[in-house]
Amino acid sequence: MSYSTYAELKVWKECRMLTAEVYRVTRGFPKEELFGLTSQMRRCAVSIPSNIAEGCGRNHFRDSLQFFFISRGSLYELETQMYIASDQNYILESEVNTLFSQLSTCKKLLNGFIKYFEQLKDKQQTTNN
């Protein structure tokens, strides 16, 4: 199923905001982390809205859901990396709170979006039978 207006989705917008925040915060990481945690966190954060967009561009519910699940996995991966950055004192407490709050919002929205898509898939299967 093609969802051409992914850029209008609240979940996609919130995940973009999370990505921007990750980039902002990681600018302050030590230079020796540039190819380590900084790069990992940024790639992970970029993956989240990117996979939502790619899932919306797929022609089948199953394919779309797979990309949404990858996006959700990246949220959990980023959460772990945020804990690690916090453990290393690379992130101020205020930044940690902001990041975790934004991450929590993204998780809730993405889980709701996945449930919505699963219901659409089930509805379509029922209609086709």
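Side-chain atoms of S64 come within 3.5 Å of backbone N or O of H60 as a donor-acceptor pair. With hydrogens and angles ignored, the 3.5 Å screen pairs no side-chain donor or acceptor of W12 with any backbone N or O of A7. Using modelled atom types, no side-chain atom of E8 and backbone atom of T5 make a donor-acceptor pair closer than 3.5 Å. At distances below 3.5 Å, at least one donor-acceptor pair connects side-chain atoms of T19 with backbone N or O atoms of A45. For S71 (side chain) and F67 (main-chain N/O), no donor-acceptor pair under 3.5 Å exists by modelled atom type. Remark: side-chain polar atoms of S39 are not paired, donor with acceptor, to backbone N or O of G36 under 3.5 angstrom.
What you find for L78 and M41 is that their closest heavy atoms are CD1-O, 3.9 Å. Taking all atoms of both residues into account, the shortest heavy-atom contact from S74 to I48 is CB-CG1, 3.6 Å. Heavy-atom minimum distance, M82 versus I91: O-CD1, 4.1 Å.
More than 12 non-hydrogen atoms from other residues, nucleotides or ligands lie less than 6.0 angstrom from CD of E32. Summarising the local packing, CZ of R16 is surrounded by 12 or fewer heavy atoms from other residues, nucleotides or ligands at distances under 6.0 Å.
Linking ILVMFWY side-chain heavy atoms closer than 4.5 Å, directly or via other members, places Y90 and L34 in two distinct hydrophobic clusters. Under a hydrophobic clustering in which Ile, Leu, Val, Met, Phe, Trp and Tyr are joined whenever their side-chain heavy atoms come within less than 4.5 Å, directly or via other members, L92 and V22 fall into different clusters. When the side chains of ILVMFWY residues are joined at heavy-atom separations under 4.5 Å, either directly or via intervening members, I70 and L75 end up in two distinct hydrophobic clusters. Both L99 and I84 belong to a common hydrophobic cluster when Ile, Leu, Val, Met, Phe, Trp and Tyr are linked at side-chain heavy-atom distances under 4.5 angstrom.
Ring centroids of F100 and Y83 are separated by less than 6.0 Å, placing the two rings close together.
The NZ atom of K10 sits 10.5 Å away from atom SG of C106, with the distance rounded to the nearest 0.5 Å. Expressed to the nearest 0.5 Å, how far CZ of F68 lies from CG of L110 amounts to 8.0 Å. Note that SG of C44 is 10.5 Å distant from CD of E79, once rounded to the nearest 0.5 Å. We find the CE-CD distance between M17 and E14 to be 4.5 Å, quoted to the nearest 0.5 Å. Here the CG atom belonging to L37 is positioned 8.0 Å from the CD atom belonging to Q88, to the nearest 0.5 angstrom. Between the CZ atom in R42 and the CZ atom in F29 there is a gap of 9.0 Å [rounded to 0.5 Å].
Y76 carries K107 over the face of its six-membered ring, with the cationic atom under 6.0 Å from the centre and within 45° of the normal.
The closest side-chain donor-acceptor pair between S47 and R43, if any, does not fall under 3.5 angstrom.
Under a 4.0 Å N-O distance rule, the pair R24/E21 qualifies as a salt bridge.
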**OP:** Begin with the C-alpha distance, continue with both residues' side-chain angles, and end with the deciding distance and a verdict on side-chain contact (heavy atoms from CB on, under 4.5 Å) for V46 and Y23.
**Re:** CA-CA 10 Å; V46 166; Y23 267 78; 3.7 Å; yes
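Inter-residue side-chain proximity for C56 and L9 is flagged as met; some heavy-atom pair is nearer than 4.5 Å.
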